[in-house]
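Report on the structure given below.
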Amino acid sequence: MKKLYIKSIFLFLGLTLSYSCSDYLDKENDTELTLDNVFSSKTKTEQWLAGCYSMIPDPLWGYQRDLGWEVLGDDMTPSERWRNYGWEMIPIALGSWSTNTNWGPGYWASLPQKIRECNILMENVRAMPEQKFTEEDVKLIIGEARFLRAYYYSLLINTYGPVPFKPEEITPVNYNLSDLLVGQTPYDEIVSWVDKELDDVSKILPTSYADGRKYGRATSIMCKAVRARMLLFAASPLVNGNSEYSSHVDKEGKHLFSTTYDANKWKVAADASKDLIQTAEAAGHKLYIELNANGGIDPFMSCQNLFFKDASKGNTEVLFARPDSNYREYDQHSAPRGSGGFGGYGVTQSLVDAFFTANGLPISESGSGYVENGFSSEDGYWSNGATKWKEVKNEGQVTLAGTYNMYCNREPRFYLAVNFNGQWYSKDSRKLEFFNGKKDNNNTHDAPQNGYLSRKKTDPSRDPINNYFTPRSGIVYRLGEVYLNYAEALNESNPGDADILVYLNKIRERAGVRTYTTGSTSPTSIHIDLGDQANVRKLIHMERRVELCTEGIRYDDLRRWKEAENVLNTDFYGMNFYGQNATDFYKRTAYQKRVYRKSFYWFPIHLSEIVKNPNLVQAPFW
């Protein structure tokens, strides 16, 4: 019988090791659970598996406060004064970041621990016919553990780049310290392993489960989704031929990033996204769409309810969900203070500006119809088709008379993502009041610091005063992202391919804006030259910014495109928080100075780990 006790099995792989192992080797009494105890019980085995799942990021709240991916990007802007309430990502976003900075999720320590737990599960799980736990159950659980192990490595390299890599090793209790002091494995080698592992596991796991209680458990679709996103990152400028990393080598002089550009990586990424699309669609996945009374696509209801309906309610766009997301905190922090919310979680002016106008053009383009200043003289309605959406006073109404013109005549996704001053707040049947001293701005940390609150993914029926919030899952991957991933990778690997517009237009059609065409511009389409790779790249980037905003993707996009050091190293703008009237409030005002250095592309290895392990090298430019 294995005398490895539960207290011992969480020993970390060596990445955060202590020089003393006495705590792990202390003798426990005979009542302590052993591995044999755990894996002789179906219930305890399933509990162990549940623990292996526990590090999947929370896309509703984790991307905001804990992981901070949205705080680090340029879509979301939490009240800066929330840093006094434990929002440790705020000072990091402002440039207060060093190799001594602590980061709550601690991937460097926590993910290898979960990987080790997955390996222990795979080594010890066994069939228990008397408990109705079959060989088929064992096969699936091993597949789930392999998926999680590969997924966690994808998160590690996304965060730190090259990391120590021993994917199948279970550190013994009687380890030798020297065996744990390993350096990093090159980035591309880990990508190759994760790629193959996910591809292999996708042949084992089902595309879905008939048992609704297994919603969120690993599937072949999830394998392909993680693989496709990772390969898109691996093909991008940050890690594909980045000459700035030419001197980033391990202790033996081996390059940790490839500094030679490989155009084939874009083809590999395109093929992975296409494979995912084909597999997902064959399994019944499709963009979430609701129809209006005329039988056409209702862009408002489609783009809003995508985030509120699970598969059991007909939403097959979701490819990877986390069922236990913290929807309450997200809804409460983005709800206006005058309606019981914390009222300080907003969006940036640059995101406001990124949305297209109602005719599908950027606000900077002639013919867009965009007007920056002044106020509307009448109510505004969605003019490009019927909708059941009634979040102002009447169906299809998007603005009230007297709305600042900047917010008028915009596309549907704008009204679903941004809460602005003077907007109708249907839950309380009132206008939002963001002037300083008014209902939703009491001049404290619980007010939008730049005049906007986040709306996307927030529950329209939430009621913070009465503590009511609609339960829902968080979306980790969805088909809409994959369409844009495919279009981008295809434009880089095979410019001019007709599929680029096919999948770009699927997103725009659902959103209710004019699609692109290689023919003549018309009331329903916009002419583009598909052979102009640079311009098509720009269009894809703009579409990603709008369609995927506030979903935890923007920061990685800026990183992999090598644009973060320019886009994030600047003043951030909004309306004037201190304005007490329209004249003073409606001014583009710099409310925050952001700092982003070249080193920030990767999280640093904490200094304590560098001290412990002389074989590690610090992330580039730290």
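For reference, positions follow the sequence shown, starting with 1. Everything quoted here is computed from the prediction, not taken from an experiment.
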Stepwise side-chain hydrogen bond (donor to acceptor under 3.5 Å, both in side chains) test for Thr357 and Asn359: CA-CA 5 Å; Thr357 57; Asn359 66 8; 2.7 Å; yes

[Y] side chain reached by [X] side chain, heavy atoms, under 4.5 Å:
X      : Y      : result
Arg410 : Thr399 : no
Leu60  : Ser473 : no
Tyr330 : Phe469 : no

NZ/NE/NH1/NH2 to OD/OE distance under 4.0 Å, [X] and [Y]:
X      : Y      : result
Glu565 : Arg559 : no
Lys390 : Glu395 : no
Asp556 : Arg554 : no

Minimum heavy-atom distance Phe435-Asn441, with the two atoms named: O-CB, 3.4 Å

Flag if over 12 foreign heavy atoms under 6.0 Å of NZ, Lys562: yes

Contacts of type side chain to side chain donor-acceptor pair (under 3.5 Å), residue Thr316, not counting sequence neighbours: none

Expected output: side-chain Tyr516 to main-chain Arg508 donor-acceptor under 3.5 Å: no

Donor on one side chain, acceptor on other, [X] and [Y], under 3.5 Å:
X      : Y      : answer
Lys114 : Ser54  : yes
Thr444 : Asn442 : yes
Asn421 : Tyr586 : yes
Asp459 : Ser461 : yes
Arg462 : Ser339 : no
Asn443 : Asn436 : yes
Ser426 : Glu391 : yes
Asn485 : Ser273 : no

Qualifying residue for ring pair (Phe, Tyr, Trp, His ring centres under 6.0 Å) with Tyr601, from Phe621, Tyr160, Tyr596: Tyr596

Phe414 and Phe355 aromatic ring geometry - parallel, tilted or perpendicular at 30°/60° bounds: perpendicular

Atom pair CD1 (Ile157) and CE (Met230), whose distance is rounded to the nearest 0.5 Å: 6.0 Å

Validation: residues 345-354 side-chain donor-acceptor distances under 3.5 Å, sequence neighbours left out:
residue: Tyr345; atom: OH; partner: Gln64; partner atom: OE1; Å: 2.4
residue: Thr348; atom: OG1; partner: Asp74; partner atom: O; Å: 2.6
residue: Thr348; atom: OG1; partner: Ser350; partner atom: OG; Å: 3.0
residue: Thr348; atom: OG1; partner: Leu351; partner atom: N; Å: 3.2
residue: Gln349; atom: OE1; partner: Tyr452; partner atom: OH; Å: 2.8
residue: Gln349; atom: NE2; partner: Asp353; partner atom: OD1; Å: 3.0
residue: Ser350; atom: OG; partner: Asp74; partner atom: O; Å: 3.4
residue: Ser350; atom: OG; partner: Arg545; partner atom: NH2; Å: 3.0
residue: Asp353; atom: OD1; partner: Arg588; partner atom: NH2; Å: 3.0
residue: Asp353; atom: OD2; partner: Arg588; partner atom: NH1; Å: 2.8
residue: Asp353; atom: OD2; partner: Arg588; partner atom: NH2; Å: 3.2

